[in-house]
Each structure stands twice: as C-alpha cells, then as structure tokens.
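Reviewing the structure listed below.
To find a chain, count down the sequence lines: A is the first, B the second, and so on, and within it residues start at 1. Just so you know, these numbers come straight off a predicted model, no measurement behind them. The figures here come from the full heavy-atom set of this structure, side chains too, leaving out hydrogens, waters and symmetry mates.
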Amino acid sequence: MRDTFYVTTPIYYVNGAPHIGHAYTTVVADALRRFHSLRGRRARFLTGTDEHGLKIEREAAARGMKPLDFATENADRFRALWPLLGVAPDDFIRTTEARHIAGVQKWWQTCAARGDIYLGRYKGLYCVACEGYKTEKELLDGGLCPVHERPVETLEEETYFFRLSKYQDALLKLFRETSFIQPETRRNEMIAFVEQGLEDLSISRTSFEWGIKVPGDPRHVVYVWFDALFNYRTALEADPALEAFWPPTVQLVAKDIVRFHTVYWPAFLMSAGLPLPETVFSHGYLLSAGRKTSKTPGQGGPAAVSYTTNPAKLVGALGADVLRYYLLRDVVFGNDSEFQVPNVIARARAELAETVGNLLNRTLPFVTRVFDGRVPSVDAALCGEREAELVAHGAKVAVDSGALWETFAHHRAIELCLELARLGNQYFDTQAPWKLAKSEADRARLGTVIAHVLAVVRTVATMLAPVIPVKAAAMLGQLGLQLEAREGHDAWPAALTFVPADTVIAPGEPVFLKYDAKTEAELLAALKADAPAVATPAAPEAPKVDAPVAEIAFDDFAKVDLRLGTVLSAEKVPKKDMLLKLSVDLGEAAGPRTIVSGIALAYKPEALVGKQVVVVANLAPRDFGKGLVSHGMLLACGPKESLGVATFDRAFAPGTRVK
RNA sequence: GCCGAUGUAGCUCAGUCGGUUAGAGCAGGGGAAUCAUAAUCCCAAGGUCGUAGGUUCAAGUCCCACCGUCGGCACCA
C-alpha cells in the first residue's frame, strides 16, 4: 500500500442547496481521510463545486444575477456545510477558479497534441423547446419529444470530439483486470456498456457561453465533463509538492455518475498521459421517499412519517457525530439505504450511548474512588483465561477492522468495534469489579480488571475516531489521553491497547447524549419534514417565482378545456417515484379517464380518492410507456415534494367546466 | 426486450474453498445483577435460506428454470 492517500468526492453542481446525498458522500470521504491519516499515511481529501453550464447560466439570468455570483452563492452553502458535519477537506476547488481553468485548457491542449481531439459535426435530434438533443430511444412514437410532444428536428452543430473509441480496448482491460470499478455490480455494468462499442464524445458546445473557452477557438466552451472531471487533477497543480498524491487512491461517486468517472475520465487521463486512479467507488442512494408502509397484514400500522433530509437541520438537532455514525455504520457502503431519522436515534442510543459510552461511564468511578484518579496497572500474575480472551479478541478486532476499512467495508469495521465493546461489558459483568472493590485484599485484582476494561475503551475509541472524531476525542480525553495522528506513525491499534498506568483520568459529563423516550419524541417532532422551521433556523429556501409568461388573448385561454373531476382511485406507478396513476370521473359517457400525474412525492394515493380536482381535459394524450397513457393533466402548484393540487371549496358535478 | 445484481429470523445484515445442530445486532418474551445516563449481563423463542428441479456422500453455498426487487443499456447532470 502506498504511503499516500488521496480521496475525492464529486464536485457538486451548484444549481441548488446541498442535500443529504451530498453530505453522505462527503462524510464518507472525510472518514476515509481520517482513517488513513490515523494509519500514518500522508492523506489528502478534495471536494468542491462544479459551476459551469447552461443550467447555471439560465438560473442566474432568471434571477438577474451574473453566473459567477449565483454560483458563488451556492458554492458557499456547500462550503459552509462541511464544518457543521465535522468534515475537513484539505482543499475545496471550484471550476470557476483560475487554477482550474488554466489546468483544463492545458490538458485540453495535451490531449489535442496527442491527436485525440478533432473538430467535427455533431448530428442529433434536437428539440427546439428543450434546447437539447434527444436520443432516438427516448422519443415518443412518431418522433415526438417526450417532454414537449412536438417533432424534433435533425440538427448539426460544430463541435470538438474526443477520440473515445480509441480507448475501448484499454478500458475493457482496465475493468477486467483491476478493481478500478467497485463494487462488482457497477463494474459489470460498465463492461457491458463498453463492450457494445464506444463512439467519440462531443466535448465542446457553442450553444451557451458559461464555461471554459476552448484553447484557440473561443467560439466553443469546454463541455461539462471534460471541464469538471479534471478538477481532481488541477487541484494538485498549484503546488508541486502535491504531485505526490497523484493518482487518487479512491474517488467516491454516486451511482448516477459512474459512467463519466469510469469510462470518460480514465480515457481522458490515458490521453493526457497521466496515471489512473486506483479505484472509483460507487455508493448507493439514501432514499427518503417515506414509501415505507406497514407490512403487517390487517394492521394499518402507523402512518409513515417523513422527516427532513436537510443536513444542516439534522446536524442541528442530532449533532454531527451521531449523523456521521449512522451514515457510516448503518448504510452498507455501496447499497441503497432508507434514510430514517428514528434509525439514526436508535443506533446512537443502543450502540454509542448504551454500549460504548456506558462502558466508559461505569468504569471511571472505580479509578476515581479506588485508585485516586490514576489508571491502575495490570498484575500479570492475576491475569487468567478471561483476560487472555479479551486481549486476543481485541487484537483480532483491531487487525480485522483496519483491513475492512482498507476495502471500503467501514460499516463492518465499525460493527467489529461494537463487538469488542460488548465483550468489554460482558467481561465487566463477569468480573464484577464492584464486588472486588469491597475488600482491600482484592485491590490488585480490581486494578487489573479495570485496566483491561479501560484498554477496551481506549482501543474502541481510537478505532471510532475516523467516524466520530469529536466524541472519540472526548472519550480519550476522559481517559487522560490524546489521539495523535502524524505522518509516518501508525496510530491504528494493532492490539488491545492499554492506558499507561498512572495516567490521570479526567472524568466529565457522559460523552453521549441519552436518547430517552422524551428526548426522542422531541427530536422526531422537530425533524418532521413539515415541522415549522423554528427548531433550527436553517435558511429556508427563498420562494422562487416563475418568470411571467407572455400575454395571451381570451380566445387562447378558451382553448383550454378545464373540467372538474372526481378521483375514483389512485395508485403509485411502479418504478416512478413521482407518478400516480389516477382514475378520474369527468362525467363522461365513456367512463372515467386515466390520468398520470407527477404528484406522488406530495400525495399518498389514498389521500386523493374522492377529491375533486381540476383537469385539463383536452390535452393531447401522453404515453408513459408500458401501456400507460395519460388522458389529461391535473392542475397543481408548488415544489414537487410539497405541492398542492387545485380544487374547489365546494363540490360540483364531475365534468363541470372551470372558467 | 437484452444484460447484471440481489432474495437468509419481525427489521438491518454476516455466512470463507460445498462439510457437524444456519449466525450477529436491533425489536419483542423471561430472568440476574446494582459499578454505570434504568445504562449492563444471561436465557429462551424466532429460519422450508424466494420457488421448483439438478449435480454431489454432503448444497444457504455449485448448475438450470421460474418468481420478486433493484440497477444498467452514452452526450441528461
């Protein structure tokens, strides 16, 4: 293993505020960085923001801002979040910084000199309304744009291409022969993807301006992936001393951007003549859709409650370490996971407070009362089978847990720490130090027992330091210790590590909060998705008001046939998080209509049955695939997670015209 | 449709090269103890390992089919 470690997160697109998914990736990166630092490696952790592109240009224009000002505003929200989470990147790069722009242009020229970039024409099916290209597969029958249901046109545009096709074989070899892509399932997908053939990649645009100018051809801006991906490299280039970190040890990505990081990116690097990252690890999603329902038949079960996923709010209520613990311990790294606040609390209570914290709390009083606040020594003559077992197990856990971290199985590494803490509690119970403390004759034996328990606490706290840095330091502090991570010194325990005899302990308040029923109820109330923002005044999203639409004549309005309808039934559309399939009675002889509506994030199907809604009745049918066709549209407003459907304050016959 | 992954206790997950009565934590049940934030410890219960076949002395593990779930099938980040 190299003695340097370099971890990156994706650079986040600044078209919105950070959410729990960003927090997740970044917390994992931070923990990995801390783990490797603890092992004495020279470690570096990079995150940042991706700030170019049409979306930013437009969004900024809609607010009457300059793109850079808009991007800065959002970039600052990301930057401000990390300290709240105990996340400490070594560098934060923005794609709008001079160092990055210069770097991208340099690497562009390098690839061009290599013969891998050429000017050509991109021919595609263009939807004027979307201002974007469509693939044939996503078009509706008759070649209509799926969004606007209007014909697309074939359009040709001048663009620079990257000779991606040239790297097909090299990529396949890379995928097949190394663990470049993890986990396995992503690797298989990418092998299948590359096997079906790679076309050259369009890497410039002329349709917008907010980007890095192509060297020597300022009509073009560098397309987002050639721009963004190079951040991992350009961030190291200002200081020659940082060259040692290249290539990245591991690059974390969410599974939606695996292809860009495992196909395009290594191809760019091969072209640029740079060594490739060792691993690109794709983690899963944190799901928060609250689609959980009781599985107990016959029982409705408690209604699913959805909780906030705003990271700042969560941290405000729970604290950074509790949230970090959950993200690193409960989520199987690589798998999707349901993010549920009650689970966060349950983990923290059972594992941190009651198992690890309590082991510390129940031990320190003996040191204070019996040994005058100084850690007792071990009397080897008084050690028996139980002690040997504890020591052996501690060594095994330390070694195995470290190994699991190295292979991105930190969730299991943490579980081993818990196992050791439980063993400590068992040992404590069987040795019953409170009995030994009653007789002066047992003093040496008591000291030996206490010293062993403290060793367990120390070892566990040290191994949890990458996960819960503040709490781990607090535990070690009560033991009179400090965690020192410095380069060249492996501070990860290789065995059960005793606290030196005579160390002066510093007992204090319990390190972990007690989540009793009352505290839990309060927390849950404060973290409900619709709880008033009083709990933590995390800046609420400024309500966005859509730009006014051009004036129309009354006759134009009259073309829209709005009707009142009664919802007869509603069900989720499988695999489509946002969609509900409704059966709506419009009083028509032909019977109720099927209407598909993108309101599933805000409404449960059963909540809509019987409701009277406003329907655009003469809208052309829209095909959602798999035989699902929508005949009309519901009127609604608001953000998609909390929108409201239009309705009236009194009932009318289905089919009544709305005007 | 094609390709891939996955299905183990109520929940979340382990289960190595096929090898004894399939494991852990949490939740629920019973008990012990009183050092500790009522925190701990012990015991019992809980499984047709998705279904049906096959290979084998032996299958959770290997093979085939089917079912369920999730994902991938390029310029959309």
To the nearest Å, how far apart are [X] [atom1] and [N] [atom2]?
{"X": "A:Asp50", "N": "B:C76", "atom1": "CG", "atom2": "C1'", "answer": "14 Å"}
{"X": "A:Phe162", "N": "B:C75", "atom1": "CZ", "atom2": "C1'", "answer": "14 Å"}
{"X": "A:Ile414", "N": "B:A14", "atom1": "CD1", "atom2": "P", "answer": "14 Å"}
{"X": "A:Glu351", "N": "B:C11", "atom1": "CD", "atom2": "C1'", "answer": "14 Å"}
{"X": "A:Phe339", "N": "B:C11", "atom1": "CZ", "atom2": "P", "answer": "21 Å"}
{"X": "A:Glu195", "N": "B:C73", "atom1": "CD", "atom2": "C1'", "answer": "12 Å"}
{"X": "A:Tyr223", "N": "B:A74", "atom1": "OH", "atom2": "P", "answer": "14 Å"}
{"X": "A:Asn188", "N": "B:A5", "atom1": "CG", "atom2": "P", "answer": "6 Å"}

Using atom [atom1] of each nucleotide, how far apart are [N] and [M] to the nearest Å?
{"N": "B:A38", "M": "B:A44", "atom1": "C1'", "value": "23 Å"}
{"N": "B:C75", "M": "B:C67", "atom1": "C1'", "value": "37 Å"}
{"N": "B:G23", "M": "B:A32", "atom1": "P", "value": "28 Å"}
{"N": "B:C26", "M": "B:G19", "atom1": "P", "value": "28 Å"}
{"N": "B:U21", "M": "B:G31", "atom1": "C1'", "value": "25 Å"}
{"N": "B:G10", "M": "B:G4", "atom1": "P", "value": "32 Å"}
{"N": "B:U51", "M": "B:A9", "atom1": "P", "value": "10 Å"}
{"N": "B:A22", "M": "B:U48", "atom1": "C1'", "value": "13 Å"}

Mind checking [X] for me? I need base, sugar-phosphate or nothing, with any heavy atom below 4.0 Å counting as a touch.
{"X": "A:Arg205", "value": "sugar-phosphate"}
{"X": "A:Gly424", "value": "nothing"}
{"X": "A:Phe260", "value": "base"}
{"X": "A:Glu199", "value": "base"}
{"X": "A:Leu164", "value": "base"}
{"X": "A:Val258", "value": "nothing"}
{"X": "A:Ile203", "value": "nothing"}

Margin query: Are there runs of at least three consecutive Watson-Crick or G-U pairs touching RNA chain B, with each pair's two distances under 3.5 angstrom? Give them by first number.
Written below: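 Counting only runs of 3 or more consecutive pairs, the stems involving RNA chain B are B:1-7 with B:67-73, B:10-13 with B:23-26, B:29-32 with B:40-43.
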
Parallel, tilted or perpendicular: rings of [Y] and [X] (30°, 60°):
{"X": "A:Phe260", "Y": "A:Tyr264", "answer": "perpendicular"}
{"X": "A:Trp225", "Y": "A:His261", "answer": "perpendicular"}
{"X": "A:Phe230", "Y": "A:Phe268", "answer": "parallel"}

Next item on the list: Summarise protein proximity over nucleotides 34-44 of chain B in one line of letters, 5' to 3': B for base, S for sugar-phosphate only, - for none, counting protein heavy atoms closer than 4.0 Å.
Entry: SBBB-SBSS--

Checklist line | A:Phe333 and A:Phe281 aromatic centres sub-6.0 Å | finding: yes

Point-to-point distance, once rounded to the nearest 0.5 Å, from [atom1] of [X] to [atom2] of [Y]:
{"X": "A:Leu479", "Y": "A:Arg458", "atom1": "CG", "atom2": "CZ", "value": "8.5 Å"}
{"X": "A:Tyr232", "Y": "A:Thr47", "atom1": "OH", "atom2": "OG1", "value": "8.5 Å"}
{"X": "A:Phe366", "Y": "A:Ile505", "atom1": "CZ", "atom2": "CD1", "value": "12.0 Å"}
{"X": "A:Gln251", "Y": "A:Thr25", "atom1": "CD", "atom2": "OG1", "value": "13.0 Å"}

Notebook entry, point to check: If you find the nucleotide of RNA chain B closest to A:His411 and the one closest to A:Ile257, which residue's nucleotide is nearer the 5' end?
Noted result: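 In this pair, the answer is A:His411.
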
Next item on the list: Map A:Ala192 and A:Leu201 onto RNA chain B by nearest heavy atom, then report which one ends up closer to the 5' terminus.
Entry: A:Ala192

Notebook entry, point to check: With the threshold set at 4.0 Å, does a side-chain nitrogen-carboxylate oxygen contact exist between A:Glu389 and A:Arg386?
Noted result: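 Salt bridge present between A:Glu389 and A:Arg386.
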
Note to self: Can you tell whether the side chains of A:Arg186 and A:Glu189 come within less than 4.0 Å, N to carboxylate O?
What the structure shows: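 A:Glu189 and A:Arg186: salt-bridged.
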
Check: Does A:Arg205 make a cation-pi contact with A:Tyr223 (under 6.0 Å, within 45 degrees of the axis)?
Finding: yes

Next item on the list: Identify which nucleotide among B:A77, B:A74, B:G71 has an atom closest to any side-chain atom of A:Lys255, counting heavy atoms from C-beta outward.
Entry: B:G71

Notebook entry, point to check: What's the closest nucleotide to the A:Thr185 side chain, out of B:A5, B:A77, B:C13?
Noted result: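 Within the option list, the nearest is B:A5.
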
